[in-house]
Amino acid sequence: MEAAAGCASRIGLAGLGVMGQNLALNIAEKGFPISVYNRTTSKTDETVRRAQEEGGLPLTGHTTPKDFVLSIKRPRAIVMLVKAGAPVDSLISSLVPFLKPGDAIIDGGNEWYENTERRLEDAASKGLFYLGMGISGGEDGARKGPSLMPGGHKEAYQIVRPILTKIAAQVDDGPCVTYVGPGGAGNFVKMVHNGIEYGDMQLISEAYDILKNVADFSNYELAQIFRQYNDSELESFLIEITADIFRVQDDLNSSACGKQYLIDQILDKTGMKGTGKWTVQQAAELAIAAPTIAASLDSRYISGLKDERGVAESVLEQAGLQIDPFRFRNSEKEPLQQLINRFVHKALYASKICSYAQGMNLIRAKSNEKGWNLNLGELARIWKGGCIIRARFLDQIKKAYKRNPNLANLIVDKEFSRELVEREIPWRKAVKLAVRSGISVPGMSASLAYFDAYRRSRLPANLVQAQRDYFGAHTYERVDRPGSFHTEWARIARELKSGDVHN
């Protein structure tokens, strides 16, 4: 498996799981000789075999960290794709003894951004360069062209830039990669990307719930509906694959009427790897409202209570709970079309705008805190292709930040504000229909509540401030004069009550 003498590779990749293998083959296919290494030798053998089967690609496998590192020409660049946390530190420690000042290490995993910042400092102390690079697109994106979000030492980015621009997804305005910013910026942006992804998936699942359990659409009809959605402003990777999912039949079960659809046999219990939780935690720490993303996380937690939900359904039915949903039947063609095109379709798009607005504001807040000077429009651009949240309307987001780099919120961009106003009534009707039918739509509801709170110049927070001052003397501000004020609410209340008695 060793590289021949004098045939040094242009780059190395360590960690040959599904993502690692596919990214290595992508690099090799673009004409960059690559060395690969995995602690488990069988993974290395499998990758070498695939390289041969897929066209004799310039890829060589290595069995020891030393041989792996020394097979790469200087300045060396090594991409790591292993599980975040301790495995990354372990891999780095096995590579560093053979690296030289000026070499670069790139972590392509979903790492916590503060771990990357720690490793940046450690690498710099050894004369090495370091990048934390978010990679989105799944195994298919890794093989054919992902969205790449590298952040850290810019010198490291310059070393691998010719490779990254070739292997990234390509869209009309360039490759889906950019130098995100210093420190842990790349990992942070990827984390928020995943939080937005959580919100997107939740909103689509809620649309599905309404269409299936209120409108009585069959899986075949749902596939057609989501195909129509994908031909509209909702065009996106997640909408596209959702249409595909509804068409797949179950090979393991069949009935007298034929095969069943696989979607109906899948357990309603969602898994997760932690980046959504990190996103919500960061939103809380930065005091950024992200209710749609938080609702999606809560929904995953509730989905995990499968047994408890089953008991609750039975107990509440026995207690007399009866929900009489306002159902649309297939015979009622006009209401059905209204449900599809006016309610769910438009509510899904409006909710999506609010979800992305929350994510972009979170990125901006962290950028301001850390002094990263992130370009939000450029981030939207590199998400247009390759990544899981790629969507047509990301080009509108890019243009919105180009019009106004200091845009406070996507809701007040002239184009998005117009689209939200056009969809506001059907959006409310979709949420009302779901609530009336006993269908939980926390994502759509959270997006609508976010929109309603953000658009109002005065909220009931004045009462909350009065309450805080009443029980804790926390003071409050006034609308008619500057400064902080405190009122002896309890004393005044007692006097008023005393006056009521005497009167």
Side-chain angles (χ1 to χ4, degrees), residues 194-219 221-223 225-226 238-239 241-242 245-246 248-250 252-253 255 260-281 283-284 290-328 339 343-344 347-348 351-352 354-355 358 388 427 429-450:
N194 286 14
I196 294 171
E197 180 184 307
Y198 271 49
D200 245 356
M201 295 171 74
Q202 177 63 29
L203 292 169
I204 292 170
S205 73
E206 291 173 13
Y208 155 64
D209 203 2
I210 298 172
L211 293 168
K212 180 178 180 64
N213 293 306
V214 180
D216 278 339
F217 279 115
S218 68
N219 289 317
E221 290 170 323
L222 288 168
I225 289 168
F226 278 90
L238 286 171
I239 294 289
I241 68 170
T242 299
I245 286 168
F246 290 125
V248 176
Q249 294 183 324
D250 183 13
L252 300 180
N253 287 303
S255 66
Q260 305 298 304
Y261 284 92
L262 181 56
I263 186 65
D264 296 323
Q265 305 306 316
I266 296 176
L267 185 68
D268 54 322
K269 187 176 178 179
T270 308
M272 55 187 150
K273 292 186 177 180
T275 47
K277 180 177 73 173
W278 290 348
T279 304
V280 174
Q281 288 173 334
T292 310
I293 299 172
S296 71
L297 182 65
D298 287 341
S299 294
R300 294 194 182 200
Y301 291 149
I302 292 175
S303 79
L305 304 176
K306 176 65 176 176
D307 293 340
E308 293 182 32
R309 289 187 287 114
V311 172
E313 181 178 56
S314 176
V315 168
L316 291 171
E317 285 180 355
Q318 292 175 21
L321 177 64
Q322 292 183 343
I323 295 175
D324 183 19
F326 179 63
R327 290 185 175 273
F328 291 90
L339 176 68
F343 296 178
V344 176
L348 182 54
S351 298
K352 185 183 178 87
C354 290
S355 182
Q358 294 160 31
I388 302 301
W427 188 8
K429 288 183 177 180
V431 172
K432 176 183 177 181
L433 174 62
V435 172
R436 187 171 180 176
S437 303
I439 299 293
S440 174
V441 285
M444 287 186 184
S445 299
S447 283
L448 182 56
Y450 179 79

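What's counted below: heavy atoms across the whole structure, side chains too, no hydrogens, waters or symmetry copies.
- Closest heavy-atom contact between Phe343 and Leu433: CD1-CD2, 4.4 Å.
- Not counting sequence neighbours, Ser445 has no partner by the side-chain hydrogen bond (donor to acceptor under 3.5 Å, both in side chains) test.
- Atom CD1 in Ile266 sits 7.0 Å away from atom CD1 in Ile245 (nearest 0.5 Å).
- Nearest approach of Ala430 to Ile210, heavy atoms of both residues: O-CD1, 4.1 Å.
- Remark: side-chain polar atoms of Thr270 are not paired, donor with acceptor, to backbone N or O of Ser303 under 3.5 angstrom.
- Around atom CG of Asp264, more than 12 heavy atoms belonging to other residues, nucleotides or ligands sit under 6.0 Å away.
- Rounding to the nearest 0.5 angstrom, the gap separating the CD1 atom in Ile239 from the CD1 atom in Ile204 is 4.0 Å.
- For Thr279, the side-chain hydrogen bond (donor to acceptor under 3.5 Å, both in side chains) criterion is met by no residue, not counting sequence neighbours.
- Here the closest non-hydrogen pair linking Ala347 and Met444 is CB-SD, 4.2 Å.
- Shown here are the ring-ring contact (aromatic ring centres under 6.0 Å, His included) partners of Phe246, two or more places apart in sequence or in another chain: Tyr208, Phe226.
- Scanning all heavy atoms of the two residues, the minimum distance from Ala295 to Pro442 falls at CB-O, 3.6 Å.
- Contact record, Leu222 with Lys212: CD1-CB, 4.2 Å, taken as the closest heavy-atom pair.
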Under 3.5 Å, which donor-acceptor pairs do the side chains of residues 194-203 form with other protein atoms, sequence neighbours left out?
unit_1 : atom_1 : unit_2 : atom_2 : d
Asn194 : OD1    : Lys190 : NZ     : 3.0
Asn194 : ND2    : Thr275 : OG1    : 3.1
Asp200 : OD1    : Lys352 : NZ     : 3.1
Asp200 : OD2    : Lys352 : NZ     : 3.1
Asp200 : OD2    : Tyr356 : OH     : 2.9
Gln202 : NE2    : Glu206 : OE2    : 2.8
Gln202 : NE2    : Ser299 : OG     : 3.3

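- For Lys306, the salt bridge (charged side-chain N to carboxylate O under 4.0 Å, His left out) partners are Asp268, not counting sequence neighbours.
- Expressed to the nearest 0.5 Å, how far CD1 of Ile225 lies from OG of Ser218 amounts to 8.0 Å.
- Atom-to-atom distance recorded for Ile263:CD1 and Asn219:CG is 7.5 Å, nearest 0.5 angstrom.
- Atom CZ of Arg300 sits about 14.5 Å away from atom NZ of Lys269, to the nearest 0.5 Å.
- Partners of Asp298 under the side chain to side chain contact (heavy atoms under 4.5 Å, CB included) rule, at least two apart in sequence or in another chain, are Tyr301.
- With Thr292 as the partner, the side chain to side chain donor-acceptor pair (under 3.5 Å) test is satisfied by one option alone out of Ser355, Ser351, Ser447: Ser447.
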